[in-house]
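Order of the sequence lines fixes the chain letters, A, B, ..., with proteins taken first and strands second; residue numbering starts at 1 for each chain.
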Amino acid sequence: MLLVILPLIPFLGALVLIGMGEKVINMPFVASSIVLILGSWGLRGAFAGMPITYEIPLSGPFNPTFQADAVTAVFVVLAAFLWWAVSIYAPEYMKHEGRIRSFYICTLLTQSAVLGVFVAGDLFTLLLFFELMTVASFFWVIHRWNEEAIRAAYFYLFFSIVGGLFIALGLVFIRAAIGGVPTIGTGPATFLDPKFFPWGLALFLAGFGIKAGMVPLHLWLPHAHSVAPTPASALLSGLLIKVGAYGLIRTGELAGWGMELASLTRWLGPGLTILGTCTMLVGVTAALLQSDAKRLLAYHSVSQMGYIILGLGVGLFLGPAGGMGLMGSIYHIVNHALFKAALFLGVGVVYVGTKKTNLYELGGLWRSYPVTAILMFLAVLGITGTPGLNGYASKTMLHHGVSEAANSGLPLMIWVERLFNLVGVGTTASFTKLFYLMFLGKPKQEKITQGERWQFQVAMGFLALVMVTIGVRPNLFVDACAIPAAQALGMEGAAATAMGLSFWNIGDIMGMVITLALGITFCWVGLKTGLFHLSPPVWLTLEGLGKMAFCQLQTALASIEKLYLTLSTSLLSDLRARGNGLLLAIHRLDTSGTLTAGGRSLADISLSAGVLIGTLIFLILAYTYIDLGSYVRLPLSLMR
Amino acid sequence: MTDIILALLSGLVGGIVIALLPQASNRLRNTLVLLFSVAGAVFSWRVAGTVFSGGTIRLSGEIAGLAWSLQPDPLGTVFGLIVATLWLFATVYSFGYMADEPRQRTYYAFLLIAFSVALGVAFSGSLLSLYLFYELLTFATYPLVIHERNDEAIRAGVKYIAYSLCGAGAILIAIVVTHGWAGSLDFAGGPLLARGGLRPGLGWLLGLYVAGFGVKAAIMPLHRWLPEAMIAPTPISALLHAVAVVYSGVYGILRVVYSVFGHELMAQMNFSRALPWVAGFTILAGVIIATQQDVLKRRLAYHTISQLSYILLGAFTLHPWGLAGAIFHMISYSTLKITLFFGAGIVAKQTTKIRVSDMGGVGWQLPWTMASFGVASLGMIGMLPLNTFWSKYYLMRGSVAGGKWPFALVLIISGFINALCFLPTVVAAFTGDRDQLSREKGGNVTLMVAPTVLLAGIAVLLGLWPGLVWPGVEAVVNSFFIR
Amino acid sequence: MRILLSKLLINYPYMASVVLFIIGASTVLTRSNLFKKLIGINIMESAIFLMFIAAGNTRGGAVPILDQANPGASYINPIPSALMLTGIVVSVSVTAFALALIVRLYDSYGTTNARRIAEMRNGVADR
Amino acid sequence: MTAAIRANLPVFAVIAPLFVAFVLPTFARRTRLVEGLVIFVQAVGLWGTAYLARLVLAQGGLPIIYEVGGWSAPWGIELVVGNLGAFFLLVVAGVSLPVAIYASGNLAKEVEGARRRAWFYVLYLLLGGALAGMSITNDLFNVFVLVEVATLSCCGLVSASQEPSGAEAAFNYLILATLGSGMILGGIGFLYIVTGHLNMGFAARALATVWQDYPHVVWMAISFFMVGFGVKAAFFPLHIWLPDAHSVAPSPASAVLSGLAVKGYIICLMKVLFHVVGPELMQVFSLNRLLVLLGMVAILIGSILALGQDELKRRLAFSTVAQIGYIFLGMGLLNVKGMTGALFHIASHGIIKSALFLAAGAVITQTGKERVSELAGVGKKMPITMGVFTIASLGLVGIPLFSGFVGKWYMLLGSLGAGDYLAAAVIVAGSVLCAGYLFPVIRVAYFEPAPADDWQEPGVRQRLALILLAMGIFVLGTIPGPLLELALAAATDFLVFN
C-alpha cells in the first residue's frame with residue numbers, strides 16, 4: 001500500500017495546487033518532505049533485504065504491480081531528498097522565471113511519475129510511469145515557451161517517445177520470449193523462446209539509453225537540460241536521467257546480475273561497456289568546448305552517465321565478480337545526483353543575479369557570491385573526484401571494477417581503462433574552466449541585480465553536507481545501500497567484494513591527484529591557446545549528424561509524398577482525359593446521327609436503317625463465312 | 001429481440017420525425033435528436049448485455065427469397081457499442097458545432113438515419129444484410145458529406161459515392177460467388193467457406209472482398225475519397241470518416257476474414273500472406289503523407305487511413321492476439337480520433353483556423369481543447385497512459401506470435417512518424433503570442449469542449465484500466481478462435 | 001456453276017424476292033425523300049410476301065378448293081396466301097399511318113427531305 | 001355465366017382492351033368517361049390477370065390453353081397462359097393501371113384537345129391488348145400481327161404530342177419498326193418453309209429434326225428474328241430510334257413504351273428463341289454468346305451514353321437501352337438463374353422505368369424544366385415526386401430491398417453459374433454507372449441551392465400513381481412472391497422442358 005501512496009502524494013499535491021486556483025504555496029516542499037520521511041521510514045525493510053510487493057487487482061490484461069527492494073529504496077530516497085532540496089531553492093528562483101504555479105504542478109507530477117517508475121513491479125507499470133514522466137517533465141523543458149525552449153522540448157519529447165516505443169516493442173519481444181509479463185525485482189528471466197530475448201534486451205537498452213543520455217541517443221539532453229529553469233535542470237540532470245540508468249539496471253536484472261550470462265545475452269556486458277565509454281568521451285569532449293555554463297553541465301551529465309553505464313557494463317561483463325562495477329554505478333548515480341544538482345543550483349544563483357550563463361562574460365564572482373562560490377567549489381571537487389569528497393568514492397569503485405575487467409586481458413577492456421583515466425582528466429579540465437571563469441579572474445559584468453538568498457544557500461548547503469559526509473566516510477554508503485542493492489539484484493558476491501575495498505589507499509589517491517593535476521594543466525593550456533573555442537565542423541559532431549539525419553528524414557518524407565502526389569495526380573488526370581475523350585467520341589457519334597462511309601454520308605434515319613440492315617447482313621455472314629462460335633468464344637474464354 | 005428492433009428503429013424513426021418537423025425550434029429539435037440517440041444507444045447496450053451474457057438474439061427472414069438475419073455476435077456487438085456510444089458524443093458535439101449552421105434539419109435527420117444504418121451493419125448476421133446496410137450507409141451519409149453544398153463538397157460527394165458504389169459492386173459479386181460455393185450467407189454456423197476447404201479462385205474471392213470493403217476501410221490505393229470527404233462538418237468527419245463509415249469497411253474485412261473464410265482457411269491461402277503487407281504499406285504511407293499536410297483535417301484524414309490499417313493488420317495476422325489488438329484498436333482508436341477531430345473542429349469553429357501553420361497561440365485560447373488534442377496525439381503515438389498503447393501492444397504481440405515480426409517494427413516506425421505528425425501540431429498551438437489573437441466564437445463552446453474532454457478522459461481511463469473493455473475483446477477472440 | 005444456276009432458276013420466285021428485298025433496302029438507305037423511303041419499305045415487304053407465297057406453292061398444284069367430284073392430286077398450300085392477305089392489310093395500314101406522319105412533317109418543316117429535316121432539327125437543338 | 005367468363009378469361013385479357021379501344025372514339029368529347037372507362041378496363045384486367053396467375057400457380061405450372069374459335073392446335077390459333085404468359089400479363093396489367101391513373105391526371109397538360117386525348121387512350125388500350133396478346137399467343141403469325149398492332153400504336157403514342165419532333169421521331173421509329181416487322185415476317189417465313197408449322201410447339205418439334213438439313217435457312221430465320229425483334233426491343237446496336245422516340249413522347253406514353261412495349265418484343269423473341277429454336281440449337285449457333293456479348297456492350301455503352309445526357313427524359317431513355325442489355329445478357333446465360341433474373345428484370349424494370357418516366361414527366365409539366373442541370377430545388381418543392389424518383393433510382397441501381405436488386409442478383413448467380421465472370425463484372429459495373437447517371441439528378445434536385453420559383457406537386461391522381469409504382473418497387477424488392485415464382489417457373493419452362 002505504501003508503494004502506491006508514495007507516488008500518489010505528489011500527485012495529490014498537484015491536484016490540491018490545481019484546485020487552489022491562483023494561490024500558490026510551496027507544495028513540492030510539503031510533498032517531498034512527506035515522501036522523504038515516509039519513504040525512508042517505510043522502506044527500511046527493503047534496505048535490510050526484505051522486498052515489499054503490492055498489486056492493484058484490476059481485471060483485464062493490466063494489473064499494476066509494485067515492488068520495493070533495496071535498489072528501489074535507494075532511488076526513492078535519493079529522489080525524495082533531491083526534490084526536497086530543490087524545492088527549498090525553487091520558490092525564490094522561480095520569481096524570476098514566472099509561471100510558478102505551473103512549474104510546481106509540473107514538478108509534483110514529475111516527482112510522482114519518477115517515484116512510480118522506481119516502485120513499479122512489472123515492466124508495464126514501469127513503462128506507464130516512464131511515459132508519464134516524459135510528459136510531465138516535458139513541461140519543465142518548455143517552461144519558458146520561447147522558440148528555443150519549444151525546440152528543445154520538442155526534441156526532448158520526440159526522443160523520449162521514441163525511447164518509450166523502443167521499450168514497448170522490447171516488451172513485446174520479451175513477452176514473447178519468456179511467456180509472461182516481465183516483472184521487476186525477481187531476478188533473471190527464464191526464456192522459452194530464445195529468438196526474441198536478445199532483441200528485447202537490445203530494445204530496452206535503446207529505450208532506457210535514450211533517457212539516460214547514452215551516446216548516440218543523447219542528442220536531446222544538452223538542449224533540454226540547459227533550457228529548462230534551473231531547478232528543473234538540476235532535477236533533470238540529477239535524477240531524471242538516472243531513471244534511464246535505473247531502467248538499464250533492471251534490464252541487466254532480466255539478463256541476470258552476478259552470473260555468467262547465457263550465450264545469447266553475453267554481448268550485453270561488453271556492449272554496455274563500449275557504449276558507456278563512448279558516452280563518457282563524447283560528453284566530456286563536448287563539455288570542454290562549451291561556453292555556456294548550463295550546457296557544459298548538461299554535457300557533463302552525459303559524460304557522467306557514461307561512467308554509470310560503463311560500471312553496469314563491467315558488472316555484467318565480469319559476471320559473479322562484477323560487484324564492484326554494479327555498486328560503483330549505483331554509488332555514482334547517487335553522487336552524481338548530489339553534485340550535479342548542486343552545480344546547477346549554483347549556476348542558477350549566478351544566473352538570477354547576472355542574467356548570464358555564458359562563462360566568458362562572467363568572472364570574479366566570488367566577491368558577490370562567497371557562499372555560493374564555496375559550495376560550488378565543493379561540488380566541483382566532488383565531480384572531479386578529489387579525494388575527500390563523494391565523487392572520489394564512486395569513481396574509485398568504478399575504477400576498481402574497470403581494472404578488474406582489464407585484468408581479464410581483453411584488449412577492449414584495457415583500452416577502456418586508459419580512456420577512463422583520460423576522461424577524468426577532461427572532467428577536471430572542464431570544471432576548472434567553469435570555476436575559474438565564473439568565480440575567479442577579473443569581474444566582467446556591469447551590475448548584479450540580486451545577491452545570494454538564504455534559500456539558495458540552504459538548498460545547496462544540504463546537498464554539500466551530504467556530499468562531504470559521503471566523501472569523508474565513503475564506506476557508510478557502501479555498507480548501508482550499495483551492498484544491499486547489489487545483493488537484491490542477485491549479486492551474491494557483492495558483500496565479499498566490498499569487504500576487501502579500502503578507499504584510502506595510496507595508489508588510488510595518487511592516481512586521482514595526478515589526474516587532477518593533469519586536468520588543471522590541460523585547462524590552463526586550453527584557456528591560453530583558445531582550444532576551448534574550437535568549433536568542429538558540423539558533420540564531425542554527433543549532434544550535427546543527428547540534425548542532418550533528421551533534416552534528411554524530413555526531406556525524404558516530403559519527397560515521398562510529392563512523388564506520390566505527382567504520380568497519382570498525373571495518372572488520374574491521364575486516365576480522366578482518356579475517359580473523357582472516349583465519352584466525347586461516343587457521344588458525338590450518337591448526337592450527330594451522321595456517318596460518312598465511302599463518299600456517301602448516311603444521315604439520321606438512313607443511318608439507322610443502315611445499321612439495321614448492316615446488322616442483319618453481319619449476322620448472316622457471321623454464321624456463313626466467319627465461324628461465329630470460335631470468334632465469339634475467343635474473347636470470352638480469354639477473360640476467364 | 002425487441003431490443004434490436006428498437007435499437008434500429010429509434011434512429012430511423014427519429015430521422016423521419018426530424019425530417020417531418022421543418023418548423024421546429026432548435027431546442028425542440030435538439031431535444032428530440034438527443035432523445036432518439038439515447039434511445040438507440042440504450043437499446044444497443046441492452047443488446048450487448050444479452051450477447052455478452054451468453055444469450056443469442058436472432059431475427060431472420062427473407063428478402064426476395066434471400067435469407068437475411070440480424071444476429072449480433074460479439075464482434076458485431078463490439079462494433080455496435082462503439083457506434084452507439086460515440087454517436088452520443090458526436091450528437092452532443094453537433095449541438096454545439098451546428099448551433100449557427102444552416103440546414104440543421106437535414107443534418108440531424110440523416111445523422112439519426114445513419115445511426116440506425118450503422119447499427120444495422122453492426123448487428124447484421126448474414127452477408128446479405130451486411131451488404132444491404134453497408135450500401136445504405138453510403139446513401140444515408142451522403143447528404144452529410146455534402147452538407148456544405150459548395151462545389152468542393154459536391155465533388156467530394158461524387159467521389160465518395162463513386163468509390164463506395166464500386167466497392168459495393170465488388171462485394172456483391174463476391175457475395176454471389178460465396179453464395180454459390182457455401183450455399184448460405186449466414187454467419188451463425190461458423191466460417192462460410194471453411195467447409196469447402198481450399199479451392200481454385202479462393203484468392204480472387206478474397207481479393208474482391210478486400211477490395212470492396214477496402215474502399216471504405218481506405219486501404220491504399222483505394223483511399224482517395226477519404227481526404228476529400230473531409231469537407232463535411234467536423235462532427236461528421238469525426239464520426240463517419242474516422243469511425244462509423246470507415247469502420248463499416250474494416251468491420252466488413254474482419255467479417256470476411258473470420259466469418260466468411262475463417263482463420264484456418266486463410267492461413268492456408270497464399271494470398272492472405274500478401275495482405276499484411278498491403279496493410280503495412282498503408283500504415284506507413286498514410287502517416288507519411290499525413291505529416292506533409294498543412295490543413296489539419298486533411299492531416300487527420302490521412303492519419304485515419306494509416307490507423308485503419310492497424311486494425312486490418314491485426315486481423316490479417318490470423319492470430320488471437322492480433323485479433324485482440326485489432327478489436328482493442330477499434331475501441332481505443334475511435335475514442336482518440338474523435339477527440340482529435342473534435343479538437344480540430346473547435347479550433348476551426350472558434351478561431352476559423354484550419355491550417356496547422358496558422359495555429360500559433362490557439363492553445364492558449366482553447367486550453368482544454370488543445371490539452372485533449374495533445375493527449376489524443378500522445379495516444380496516437382502509442383504512449384501508455386492512453387488506451388492505444390494496449391491495442392498497439394497486442395497488435396505487435398500478435399504480429400510476433402503470428403510469425404510476422406516485421407509488422408511489429410512497422411507499428412513502431414509508424415509510432416515515430418505519428419510523433420512527427422502530431423507533436424508539432426500541438427506544440428505549434430501553444431507558440432506565438434497568446435494575447436494578440438482574435439477569436440470568432442462560433443458555435444457553442446461548452447457543448448463542444450465537454451465531449452472532447454470527456455472522450456480524452458475515457459481514453460486515459462481505458463489506458464489505465466484496459467480491463468474495462470477487455471471482456472468484450474476476449475469474447476470476440478473466443479468466438480472466432482475457440483469453437 | 002451450272003448446278004448453282006439451275007438451282008437459282010428453279011427457285012426463281014425466291015431469287016426475285018431477294019432482288020426485290022435488296023432494291024427496297026437500298027431505296028430506304030439511299031433516298032432521302034420520305035416518300036421514297038416509304039416506297040422502299042413497301043417493296044421490301046412485297047419481297048417477303050412473295051417469298052411466303054412462293055413457299056406455299058406446289059408445282060402443278062390446284063387451287064385449294066375441295067371439289068368432292070374432282071379431287072386433285074395436290075393443292076397449293078392456302079395458308080401462306082391467307083396469311084399474306086393479313087400481311088398486306090398490315091402493310092397498308094402502316095403505309096397510311098406513315099403517310100399521315102409525312103403530311104405532318106411537311107406541315108412542320110415544309111419539306112419531305114429527311115436530311116433537310118434532320119439538319120433543321122439538329123440546328124434547332126444546337127441553338 | 002361466371003364459368004363462361006372464367007373459361008374465356010385468356011381471350012378476354014386480349015379482347016377487352018381492344019374492344020374498349022374501338023368503343024372509345026364514340027365518347028371522344030367526354031374526357032371523364034373515357035378516362036374512367038380506361039381505368040376501369042385496366043383495373044378489371046389487373047383483376048383478371050391476377051386471377052389467371054393464381055390459377056396457373058395453383059395448377060403447378062400447367063398452362064391454361066385456349067383454342068381460339070375451337071380449332072385445335074396445328075390448324076387453329078392457341079392462346080397459352082403458362083407461367084410466362086401469366087407473368088407478363090401481370091406485369092402489363094400492373095404497370096398500365098398506374099400509368100392510366102397518372103395519364104388521367106397529367107395528360108391534359110401534355111396533349112391538347114379532348115379528341116386527341118381520346119385517341120391517345122385508344123392507342124394506349126390497343127398497345128395494352130397487343131402486349132397481352134403477345135404474352136399468351138402461341139402462334140408465330142399471330143405474334144407478327146400483334147407486334148404490328150403494338151408497333152403502330154407505339155408510333156401513334158410517340159406522335160401524340162403536337163411538336164414536330166414528335167412526328168419526326170415517330171416517323172423514324174415507324175420506318176425502322178416496319179423494317180423490323182418485315183424481317184420478323186421474313187423469319188417466320190423461313191421457319192414456315194423449313195418446318196411447315198406456325199404453331200410454336202409444332203414448329204419446335206419439327207425444327208429439332210430438320211435443322212441439320214437446312215442449317216443456313218434456320219440461321220437466316222434466327223438472324224431475321226434477332227434483327228427484327230432487336231430493333232423493336234432496342235437491342236444494341238439497333239437502339240438508335242429509341243432515345244428520340246421515348247424522350248419526345250408524352251410521359252405516360254414514354255412510361256409504357258420503355259416499361260412495357262419494349263419488353264413485349266423481348267418476350268416474343270424469348271418465345272421464338274427458347275420455345276421454337278430451343279437452347280440446344282442456340283448453343284449450336286453460339287447465339288447465347290452473341291446475346292451475352294451484345295448485352296454487355298449494351299449495358300456499358302447505354303450507361304455511358306446516358307451519363308452524357310443533360311435532358312432528363314433522354315437520359316432515362318438511354319438508361320432503357322442499358323437495362324435492355326441486362327435482359328439480353330440474362331437470356332444469353334442459358335441457365336435458369338440467369339433467365340429468371342432476366343424475366344424478373346423485365347418486371348422490375350417495367351415498374352421502375354415507368355415510375356422514373358412518370359416522375360420526370362411530372363417534374364417537366366410542373367416546372368417546365370427538361371434538363372437535369374436545371375432541376376435544382378425540385379426535391380424541396382415536389383417531395384413526393386422526387387421521393388418516388390429516388391426510390392426508383394435506388395431500385396434501378398440495385399440496392400437491396402428494391403426490386404432491381406432481385407433481378408440483378410439472379411443474373412449474377414446465373415452468370416457465375418455459367419462461369420462467366422466478365423458478365424458478372426459488367427452487371428455490377430452497369431449498376432455503378434446507373435448510379436452515375438441517376439444520382440446526379442437526385443443530388444441536383446435535393447442538394448443544390450434552389451431558385452425561388454413556386455412549383456407545386458402534381459395532382460392527386462399523378463401522386464397516387466407514383467406512390468403505387470413506388471410501393472410496387474418496394475414490394476417486388478422485399479416480397480416478390482408469386483411474381484418471382486412465375487419467373488422462376490417460366491425460366492424453367494424455357495430451359496428444362498424442351
Side-chain angles (χ1 to χ4, degrees), chain B residues 19-20 22 61-66 68 102-103 105-106 110 124 127-136 138-139 142-151 153-155 157-158 160-181 201 204-205 208 212, chain D residues 337 340 344 348 376 379-380 383 390 393-394 397-417 419 421 423-436 439-440 442-444 446-450 475-481 483-485 487-488:
Chain B
L20 294 179
E62 278 197 350
I63 302 178
L66 299 165
W68 59 270
R103 294 185 287 279
R105 182 165 65 107
T106 322
F110 280 100
S124 46
L127 263 179
L128 190 75
S129 32
L130 177 64
Y131 171 76
L132 163 66
F133 285 113
Y134 183 82
E135 279 257 49
L136 290 183
T138 309
F139 300 119
Y142 173 74
L144 300 171
V145 173
I146 62 161
H147 183 83
E148 299 285 330
R149 307 283 159 83
N150 52 23
D151 282 352
I154 299 239
R155 249 199 326 274
V158 167
Y160 174 51
I161 286 267
Y163 272 75
S164 298
L165 282 181
C166 290
I171 297 168
L172 183 59
I173 296 182
I175 289 178
V176 174
V177 176
T178 312
H179 186 262
W181 286 353
W204 288 102
L205 184 63
L208 265 182
Chain D
K337 291 270 166 58
T340 311
F344 197 83
S348 72
K380 293 264 163 50
T390 310
S393 305
L394 291 174
V397 172
I399 307 294
L401 292 185
F402 300 101
S403 61
F405 174 73
V406 183
K408 285 185 185 174
W409 173 266
Y410 274 97
M411 274 187 260
L412 277 174
L413 281 180
S415 59
L416 294 170
Y421 294 98
V426 169
I427 289 172
V428 168
S431 283
V432 174
L433 285 172
C434 176
F439 282 122
I442 298 166
R443 188 196 75 220
V444 171
Y446 280 109
F447 300 128
E448 290 204 343
V475 168
L476 275 195
T478 45
I479 32 172
L483 211 57
L484 187 62
E485 273 176 49
L488 203 63

Item to check | Contact summary for B:Ala174 and B:Leu205, nearest pair of heavy atoms | outcome: O-CD1, 3.5 Å
Next on the checklist: Does this structure show an ion pair linking D:Glu448 with D:Arg443, if we count only N-O contacts that are shorter than 4.0 Å?
Outcome noted: yes
Checklist entry - Does the side chain to side chain contact (heavy atoms under 4.5 Å, CB included) test come out yes or no for D:Phe405 and B:Tyr131, once each step is laid out? => result CA-CA 12 Å; D:Phe405 174 73; B:Tyr131 171 76; 3.9 Å; yes
Item to check | Minimum heavy-atom distance D:Leu416-B:Ile173, with the two atoms named | outcome: CD1-O, 4.0 Å
Checklist entry - Can you check side chain to side chain contact (heavy atoms under 4.5 Å, CB included) on B:Tyr134 and B:Ile171, steps first, answer last? => result CA-CA 10 Å; B:Tyr134 183 82; B:Ile171 297 168; 3.5 Å; yes
Item to check | chain D contact via B:Leu208 - side chain, backbone, both or neither, heavy atoms under 4.5 Å | outcome: neither
Checklist entry - Of the backbone (N, CA, C, O) and the side chain (C-beta and beyond), which part of B:Ala153 lies under 4.5 Å from a heavy atom of chain D, both, or neither? => result neither
Item to check | chain B contact via D:Phe344 - which portion, at a heavy-atom distance below 4.5 Å | outcome: neither
Checklist entry - Of the backbone (N, CA, C, O) and the side chain (C-beta and beyond), which part of B:Ile146 lies under 4.5 Å from a heavy atom of chain D, both, or neither? => result side chain
Next on the checklist: Which atoms of D:Leu412 are under 4.5 Å from chain B, going by heavy atoms: the side chain, the backbone, both sets, or neither?
Outcome noted: both
Item to check | Region of B:His147 that comes under 4.5 Å of a non-hydrogen atom in chain D | outcome: neither
Item to check | Contact class of D:Leu394 relative to chain B, heavy atoms under 4.5 angstrom | outcome: side chain
Next on the checklist: Quick one, B:Glu135 with B:Leu165, criterion side chain to side chain contact (heavy atoms under 4.5 Å, CB included). Give me CA distance, side-chain angles, the key distance, then yes/no.
Outcome noted: CA-CA 8 Å; B:Glu135 279 257 49; B:Leu165 282 181; 3.3 Å; yes
